[in-house]
Amino acid sequence: MTASILTVDDSVSVRMTTRIALTGAGYKVTEAVDGLDGLNKARATRFDLVITDLNMPNMDGLRMIEEVRRLPNQVGVPILFLTTESDAALKGRAKAAGATGWLVKPFEPDQLIRLVQKVLAK
């Protein structure tokens, strides 16, 4: 079965790069344009993995993670942060909110694929 991944980022170029890398590796990708859009898609569909940006309009990634963690249909789903931020305190907040892992932008597509494979293998 193909893993289904929700990517949440307000940047068109990041969504495109992420989609190309993930679909090229055989994953099914659903895209959301901000945290609110991502949360609504997570309410409607169970995903195997969520990848989200931090800084977005309407709802940031931290808030979205907190909300997704409350959804019965997303229990246990790993969530990766994909962001330009690398601050240790912020990483702590993300982990407390329920983030599984962290990838700093800009990233290499193979870095993303390796992290996704590692997280989905657990």
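Being a predicted model, the structure only gives us computed values, none of them experimental. Index from 1, following the sequence.
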- Salt-bridge present (R70, E66; N to O < 4.0 Å): no
- Whether Q74 side chain and T45 backbone form a donor-acceptor pair below 3.5 Å: yes
- Item | Value rounded to 0.5 Å, distance of CG in N55 from CG in D9 | 10.0 Å
- Message: Which heavy atom of F107 sits nearest to which heavy atom of T18, and what is that distance?
- Response: CZ-OG1, 3.7 Å
- Hey, could you give me the CG/OG1 distance between L54 and T83, rounded to the nearest 0.5 Å? 4.5 Å
- What are the two closest non-hydrogen atoms of F47 and I5, and how far apart are they? CD2-C, 3.9 Å
- Item | Closest heavy-atom pair and its distance - A94, W102 | CB-CZ3, 3.4 Å
- Query: Looking at CG of D37 and CG of D10, how far apart are the two atoms once the value is rounded to the nearest 0.5 Å?
  - Reply: 11.5 Å
- Note on the structure: d(R93 CZ, L62 CG) to nearest 0.5 Å is 5.0 Å
- Query: How long is the span from the NZ atom in K41 to the CE atom in M64, to the nearest 0.5 Å?
  - Reply: 11.5 Å
- Message: Before you tell me yes or no, could you show the steps for L49 and Y27 under side-chain contact (heavy atoms from CB on, under 4.5 Å), namely the whole-Å CA-CA distance, both residues' side-chain angles and the distance that decides it to 0.1 Å?
- Response: CA-CA 10 Å; L49 173 65; Y27 298 107; over 6 Å; no
- Item | L6/V68 under side-chain contact (heavy atoms from CB on, under 4.5 Å): CA gap, chis, key distance, verdict | CA-CA 12 Å; L6 173 64; V68 167; over 6 Å; no
- Query: Between T52 and I79, does a side-chain contact (heavy atoms from CB on, under 4.5 Å) hold up when you go through it step by step?
  - Reply: CA-CA 7 Å; T52 184; I79 301 176; 4.2 Å; yes
- Query: Which heavy-atom pair separates L112 from A21 by the least distance, and what is that distance?
  - Reply: CD2-CB, 4.3 Å
- Query: Between T7 and R19, is a side-chain contact (heavy atoms from CB on, under 4.5 Å) present by the stated rule, with each step listed?
  - Reply: CA-CA 8 Å; T7 63; R19 181 183 68 240; 5.9 Å; no
- Query: So which heavy atom on N40 is nearest to which on R43, and how close?
  - Reply: OD1-NH1, 2.9 Å
- Message: Checking K105 against D53 for the salt bridge (charged side-chain N to carboxylate O under 4.0 Å, His left out) test, could you report, in this order, the C-alpha distance in whole Å, the side-chain angles of both residues, the deciding distance, and whether it holds?
- Response: CA-CA 9 Å; K105 293 188 241 178; D53 186 17; 3.3 Å; yes
- Output the distance between atom CE (M59) and atom CG (D34), rounded to the nearest 0.5 Å. 8.5 Å
